[in-house]
2 protein chains.
Amino acid sequence: MPPARKSALSSGSSSVQDYVKVIYAFTEWQDKPITSSQLAVRLGVANSSVSEMVRKLVDLQLVDHRPYSAIELTSAGRRLALTMVRRHRVLETFLVQELGYAWDEVHDEAELLEHTVSDTFINRMAAKLGDPQRDPHGDPIPSADGTVHVPHAVQLEELDGGHTGRITRISDADADLLRFFSSEQIRLDDRVEVVGRRPFGGALVVRFGPSGSARELDLGDQAAAALWVHSDPHPGCLLAS
Amino acid sequence: MPPARKSALSSGSSSVQDYVKVIYAFTEWQDKPITSSQLAVRLGVANSSVSEMVRKLVDLQLVDHRPYSAIELTSAGRRLALTMVRRHRVLETFLVQELGYAWDEVHDEAELLEHTVSDTFINRMAAKLGDPQRDPHGDPIPSADGTVHVPHAVQLEELDGGHTGRITRISDADADLLRFFSSEQIRLDDRVEVVGRRPFGGALVVRFGPSGSARELDLGDQAAAALWVHSDPHPGCLLAS
DNA sequence: GGCAAAATTTAGGCATGCCGAAATATTGGG
DNA sequence: CCCAATATTTCGGCATGCCTAAATTTTGCC
């Protein structure tokens with residue numbers, strides 16, 4: 001008889017969880033599926049390790065993959081990924097709201113804990129926090145049944161001069177950047193207006209804060225890409241409506 | 001040059017932590033150091049696995065061991081063990097007090113989490129809980145600097161008829177037993193009086209609860225060994241004082 | 001004191017995940 | 001359209017921690 005295929009229902013090893021989570025994260029904001037080497041870079045492992053593990057993920061029916069082509073999650077894989085994302089974001093919210101962690105301190109701790117906590121633990125923790133819809137960086141928290149509502153948002157970078165909006169998400173990929181935002185008092189839900197760009201590919205000039213006491217600031221590309229805003233309808237568009 | 005000995009300052013792998021914790025736990029209530037095979041039983045691994053790992057622990061300077069003799073913690077080993085015990089008991093307290101876990105549900109979850117949390121996490125969690133002195137089963141929680149105060153207590157089993165006392169500790173080794181105690185409304189700090197023993201090695205008869213509305217109960221050996229009491233001064237002893 | 005039983009250690013293997021190097025497949029520029 | 005650069009997979013190895021089976025040492029009983 002054929003070797004029994006292991007159940008994809010269990011949450012898999014810590015490594016399996018990491019792979020699936022990174023595959024998911026890649027497609028959360030782009031529509032192209034991730035390639036083997038991109039996955040290797042993001043996980044900090046060798047390409048050969050990815051090839052091996054992807055074979056295992058296929059066997060677990062968590063991803064679809066033909067040799068030499070990109071890697072895509074199956075529905076079971078997506079389910080597992082969403083479980084991990086929920087765990088991560090609930091934990092981050094808890095660390096900030098209940099244990100007084102700073103913004104930039106929570107990622108690594110959550111990264112470790114997410115592999116260890118039970119679903120019961122996360123669900124009770126979420127309930128205690130009032131079932132938050134987003135984490136301290138504005139990332140949406142999937143519900144226990146695996147549904148997410150990703151709010152409409154664009155990177156500040158992509159907005160033209162004159163546009164205004166509200167910050168709905170601040171990427172936690174770079175802890176230094178988070179500390180910079182803290183020091184500049186840039187927070188979730190702050191209003192923001194794009195003033196313009198310095199000439200010759202220079203910094204983005206933006207105005208932050210409540211319309212009364214706004215501060216003008218130059219942002220580099222990295223910073224401007226890390227801030228996601230819900231854009232207000234543009235004056236020009238209003239004419240069309 | 002000789003192979004560099006790995007630093008014993010880091011907390012070691014999850015397995016190392018488990019070994020050290022079990023070695024410590026064995027001597028917490030007995031003074032004989034643990035043997036290789038006892039360690040194997042408590043960890044649920046083969047004797048050969050213990051031999052191997054003990055060699056590693058010696059190399060990490062966490063235990064002292066000569067072949068074929070018992071295993072004892074070094075001061076670094078004891079320090080690590082107390083760290084793990086603190087983590088475990090703070091986590092258990094949190095699960096019960098903040099997440100509404102029942103008594104008998106916390107052990108396994110804490111067992112997993114204790115290997116993953118940071119010291120910062122535990123210390124902030126302990127602070128939030130008001131730096132509790134003991135966990136939900138009455139076990140003392142070591143302080144962050146590695147000191148423990150183990151309260152005086154004897155197993156209920158060992159008390160003679162007529163003695164009274166207060167329950168200060170309920171072993172969490174057996175979840176079924178914890179559920180039994182719950183169902184019988186036996187709780188930490190309850191007063192208890194040993195009435196006597198059923199004849200021919202029978203059950204221990206005890207009276208529980210506030211002196212007004214006490215319930216009498218037969219306890220088997222397992223149950224009587226799991227309950228630790230702070231014994232009141234015995235009437236006979238009072239004469240001597 | 002010696003010998004069998006019990007405890008312990010050593011030897012050889014397995015699974016997981018990682019690596020670097022070598023082989024193979026795909027791709028794009030000329 | 002072909003060949004070199006790039007991407008991907010295969011191969012042999014390493015480390016950790018576990019196993020069973022086979023030595024080896026200790027212990028206790030006669």
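All chains are named by letter (A, B, ...) in the order of the sequence lines, taking the proteins before the strands, and each is independently numbered beginning at 1. When reading the values below, keep in mind they use all heavy atoms of this one structure, side chains included, and skip hydrogens, waters and symmetry mates.
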With side-chain hydrogen bond (donor to acceptor under 3.5 Å, both in side chains) as the criterion, how do B:Ser14 and B:Gln17 come out once you've worked through the C-alpha distance, each side chain's angles and the decisive distance to 0.1 Å?
CA-CA 5 Å; B:Ser14 177; B:Gln17 294 172 350; 5.0 Å; no
Stepwise salt bridge (Lys or Arg N to Asp or Glu O under 4.0 Å) check, A:Arg179 with A:Asp176
CA-CA 5 Å; A:Arg179 279 186 285 277; A:Asp176 282 333; 2.7 Å; yes
C:dT10 C1' sits how many Å from B:Arg55 CZ, rounded?
8 Å
Just by distance, do the side chain of B:Trp228 and the backbone of B:Leu156 share a donor-acceptor pair under 3.5 Å?
no
Whole angstroms only, please: what is the CZ-C1' distance between A:Arg66 and D:dT9?
15 Å
With a non-hydrogen cut-off below 4.0 angstrom, is A:Ser37 in contact with a base, only sugar-phosphate, or nothing?
sugar-phosphate
Atom-pair distance (CG on B:Asp59; P on D:dT16), nearest Å
10 Å
Please encode protein proximity along nucleotides 17-26 of chain D as a string of B, S and -, counting only heavy-atom distances under 4.0 Å.
SBBBB--BSS
Interatomic distance, A:Gln17 CD vs C:dT16 P [rounded to whole Å]
16 Å
Given A:Arg66 and A:Glu72, is the salt bridge (Lys or Arg N to Asp or Glu O under 4.0 Å) satisfied, shown in steps?
CA-CA 10 Å; A:Arg66 311 189 321 276; A:Glu72 284 179 276; over 6 Å; no
Polar side-chain atom of B:Tyr101 near backbone of A:Phe121 as donor-acceptor pair, under 3.5 Å:
yes
Between A:Ile34 (CD1) and D:dA7 (P), how many Å, whole number?
14 Å
With salt bridge (Lys or Arg N to Asp or Glu O under 4.0 Å) as the rule and sequence neighbours excluded, what pairs involving residues 117-126 of chain A come up?
A:Arg87-A:Asp119, A:Arg124-B:Glu105
